[in-house]
Student: 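Below you will find the structure I want to go over with you.
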There are 2 protein chains.
Amino acid sequence: MAQSDTVDRILDAAEELFAERGFSETSLRMITSKAKVNLAAVNYHFGSKNALIHAVFARFLSPFSATLETAFDNLEERCDGQPPTLYQTLWALTESAVRMPQRNDRGISIFMRLLGLAYTQSQGHLRKFLEQEYSQPFGRFMRLLKEATPELSSVDRYWRIQFMLGATAFTMSSSDALRDILQNKTGIETSVQEIAARLVPFLAAGMQAPDKLLVPPPESKVSVA
Amino acid sequence: MAQSDTVDRILDAAEELFAERGFSETSLRMITSKAKVNLAAVNYHFGSKNALIHAVFARFLSPFSATLETAFDNLEERCDGQPPTLYQTLWALTESAVRMPQRNDRGISIFMRLLGLAYTQSQGHLRKFLEQEYSQPFGRFMRLLKEATPELSSVDRYWRIQFMLGATAFTMSSSDALRDILQNKTGIETSVQEIAARLVPFLAAGMQAPDKLLVPPPESKVSVA
DNA sequence: CTCCGCTTCAAACGTATGTTTCAAACAGAC
DNA sequence: GTCTGTTTGAAACATACGTTTGAAGCGGAG
């Protein structure tokens with residue numbers, strides 16, 4: 001075992017446990033016993049628990065970041081000059097996420113769940129790490145969104161982007177649980193790809209909704225469609 | 001201090017700390033030192049940390065639950081017989097949340113943030129507690145949503161409700177931070193009411209979006225409006 | 001005043017955590 | 001085979017946690 005697969009075994013176990021239990025709720029002892037390595041191995045190879053968390057994210061986020069950049073490249077090339085539509089931009093993002101080569105079949109779920117946790121759990125060190133490592137693709141995505149929705153004021157766009165992020169992060173961070181609930185209620189199996197296929201139209205429609213109301217709807221029933 | 005305000009001081013401190021740091025990341029010692037009470041007071045008055053978490057939720061969820069029920073009562077009465085529209089239903093919910101009497105000006109943010117955390121952090125005991133204590137208003141809201149969107153399949157509706165919950169919980173849970181960012185960038189002040197006024201059209205539009213796509217959009221640019 | 005139930009307090013308990021230590025095991029170069 | 005740098009191993013470390021203990025303090029009733 002040349003460059004010692006200990007590192008990978010730790011990353012695999014950590015990834016899985018973090019995804020299903022969160023960061024604070026996952027101890028190094030859980031990780032090392034699942035990975036069947038010695039407890040001290042984590043601190044030897046990574047330095048600290050926080051550094052391990054960063055390594056887990058870097059392992060899947062770096063390839064994803066690269067995939068995303070080329071997806072955006074292709075998209076902009078196909079549109080030569082014209083800015084891509086909102087729908088195309090959102091789709092390029094989800095496609096890149098869904099098409100990522102996975103280590104196993106739960107790969108995408110874990111990927112999504114970790115992203116959701118990163119956004120949700122207010123681990124300061126993690127947010128800082130992600131911001132300074134992956135600001136470029138994020139900034140590019142924001143620029144594409146802006147060009148795809150020129151009709152929105154920047155304030156409207158700002159809030160609606162937050163709404164999109166929220167819907168996505170939240171859904172994906174509990175996608176496993178939500179799929180299980182649906183499975184129990186209706187017997188229907190759902191893939192992450194299908195969730196994404198449902199999410200994109202929802203986001204695009206919300207993003208392009210008519211202007212915000214400044215007053216509550218009147219007493220009488222009003223149609224909104 | 002008749003019935004000892006210790007209980008309330010603990011609840012106030014716990015509420016605030018839970019909202020800004022999460023449950024596992026908030027220790028009883030942080031809470032008791034912020035509340036300026038003895039460490040043992042928590043276990044004396046509440047029994048355990050988990051019971052304290054439940055009490056924090058019960059304190060704001062029970063009045064909210066009542067407010068919401070009457071809001072739904074009024075709405076259904078006004079519509080006599082006809083099911084309320086999606087827009088009206090969503091508005092009744094946000095109105096109830098926004099109009100709740102608050103202990104202080106950050107009340108709504110804390111309220112939303114806690115709901116978001118409850119949804120996100122996989123604290124099994126909390127989910128169980130909320131389900132068996134507040135299933136009625138939740139179920140009623142779901143029923144109203146169902147009647148307001150008869151054109152949706154139940155599976156579509158299920159997922160879109162999750163998307164709505166995500167956008168709402170996420171945005172509201174970080175509404176403080178998001179408002180500050182916008183304030184710094186543009187100098188614009190934003191009230192929670194305004195955020196809600198922007199959120200409702202977004203949600204309604206997403207909820208009523210055209211069907212999910214089962215295939216990626218074609219190479220050529222497609223319009224989505 | 002004395003008593004009694006309720007509340008507070010300082011201290012300790014047992015357990016779990018992240019991290020460190022240092023000796024043993026190992027692998028490849030000479 | 002021997003040496004050398006790297007990796008593993010069992011054990012301990014210091015710290016933080018939730019919880020428990022038992023004594024002290026308190027306020028109203030008799």
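All values reported here derive from a predicted model rather than from experimental measurement. Below, read A as the first sequence line, B as the second, and so on, with proteins coming before strands; counting in each chain starts at 1.
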Student: How is B:Thr26 classified with respect to the nucleic acid when contacts are heavy atoms under 4.0 Å: base, sugar-phosphate, or nothing?
Tutor: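 Sugar-phosphate, backbone atoms only, no base.
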Student: Rounding to an integer number of Å, can you tell me how far A:Asp8 CG sits from D:dT7 C1'?
Tutor: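 Value for this atom pair: 15 Å.
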Student: On DNA chain D, nearest-nucleotide positions of A:Arg29 versus A:Val37: which is more 5'?
Tutor: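 Taking each residue's closest nucleotide, the earlier one in sequence belongs to A:Val37.
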Student: Separation of B:Leu52 atom CG from D:dC17 atom P, in whole Å?
Tutor: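 In whole Å, D:dC17 P and B:Leu52 CG are 15 Å from each other.
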Student: Nearest-Å distance, CD1 (A:Ile10) to C1' (C:dG18)?
Tutor: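 Checked: the CD1 to C1' distance equals 14 Å.
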Student: Figure out the CD1/P separation between B:Ile31 and D:dT19, and round it to whole Å.
Tutor: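 Rounding to the nearest Å, CD1 of B:Ile31 and P of D:dT19 are 11 Å apart.
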Student: Would you say CD of B:Gln136 has more than 12 non-hydrogen atoms from neighbouring residues, nucleotides or ligands within 6.0 angstrom?
Tutor: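 At most 12 heavy atoms, drawn from other residues, nucleotides or ligands, come within 6.0 Å of this atom.
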Student: List the steps and the verdict of side-chain contact (heavy atoms from CB on, under 4.5 Å) for B:Met207 and B:Met164.
Tutor: CA-CA 8 Å; B:Met207 202 69 189; B:Met164 290 205 311; 3.7 Å; yes
Student: Taking only side-chain nitrogens and oxygens of A:Thr6, does any of them come within less than 4.0 Å of OP1 or OP2 of D:dT8?
Tutor: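 Checking D:dT8 against A:Thr6, a side-chain N or O does come within under 4.0 Å of OP1 or OP2.
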Student: Under 3.5 Å, side chain of B:Ser153 to main-chain N/O of B:Asp156, donor-acceptor pair present?
Tutor: yes
Student: Please confirm whether the backbone N or O of B:Thr149 pairs with a side-chain atom of B:Arg157, one donor and one acceptor, at under 3.5 Å?
Tutor: yes
Student: From C-beta outward on B:His45, which listed nucleotide comes closest to its side chain: D:dT7, C:dT8, D:dG18?
Tutor: C:dT8
Student: Hey, can you pull the donor-acceptor pairs under 3.5 Å for the side chains in residues 54-62 of chain A, sequence neighbours left out?
Tutor:
{"from": "A:His54", "atom 1": "NE2", "to": "A:His125", "atom 2": "ND1", "distance (Å)": "2.9"}
{"from": "A:Arg59", "atom 1": "NH1", "to": "A:Asp12", "atom 2": "OD1", "distance (Å)": "3.1"}
{"from": "A:Arg59", "atom 1": "NH2", "to": "A:Asp12", "atom 2": "OD1", "distance (Å)": "2.9"}
{"from": "A:Ser62", "atom 1": "OG", "to": "A:Ala58", "atom 2": "O", "distance (Å)": "3.2"}
{"from": "A:Ser62", "atom 1": "OG", "to": "A:Tyr134", "atom 2": "OH", "distance (Å)": "2.9"}

Student: Give the rounded distance in Å between these two atoms: CZ of B:Phe46 and P of D:dG18.
Tutor: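 These atoms are roughly 15 Å apart.
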Student: Please confirm whether the backbone N or O of A:Ala35 pairs with a side-chain atom of A:Arg9, one donor and one acceptor, at under 3.5 Å?
Tutor: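 The answer is yes, because a donor-acceptor pair under 3.5 Å joins these two groups.
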Student: Could you list the protein-to-nucleotides 20-27 of chain C atom pairs, N/O on both sides, closer than 3.5 Å?
Tutor:
none

Student: Any side-chain N or O of A:Ser27 under 4.0 Å from OP1/OP2 of C:dT17?
Tutor: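 The answer is yes; a side-chain N or O of A:Ser27 sits under 4.0 Å from OP1 or OP2.
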Student: Round to a whole Å and report the spacing from CG of B:Asp5 to P of C:dC6.
Tutor: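 Interatomic distance, CG of B:Asp5 to P of C:dC6: 19 Å.
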Student: Distance check needed: D:dA16 P versus B:Glu25 CD, whole Å only.
Tutor: 16 Å
Student: Between C:dT17, D:dC17, C:dT19, which one does the side chain of A:Leu28 approach most closely?
Tutor: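 Given the options C:dT17, D:dC17, C:dT19, the side chain of A:Leu28 is closest to C:dT19.
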Student: Okay, side chain of B:Ser191, backbone of B:Glu194: is any donor-acceptor separation there less than 3.5 Å?
Tutor: yes
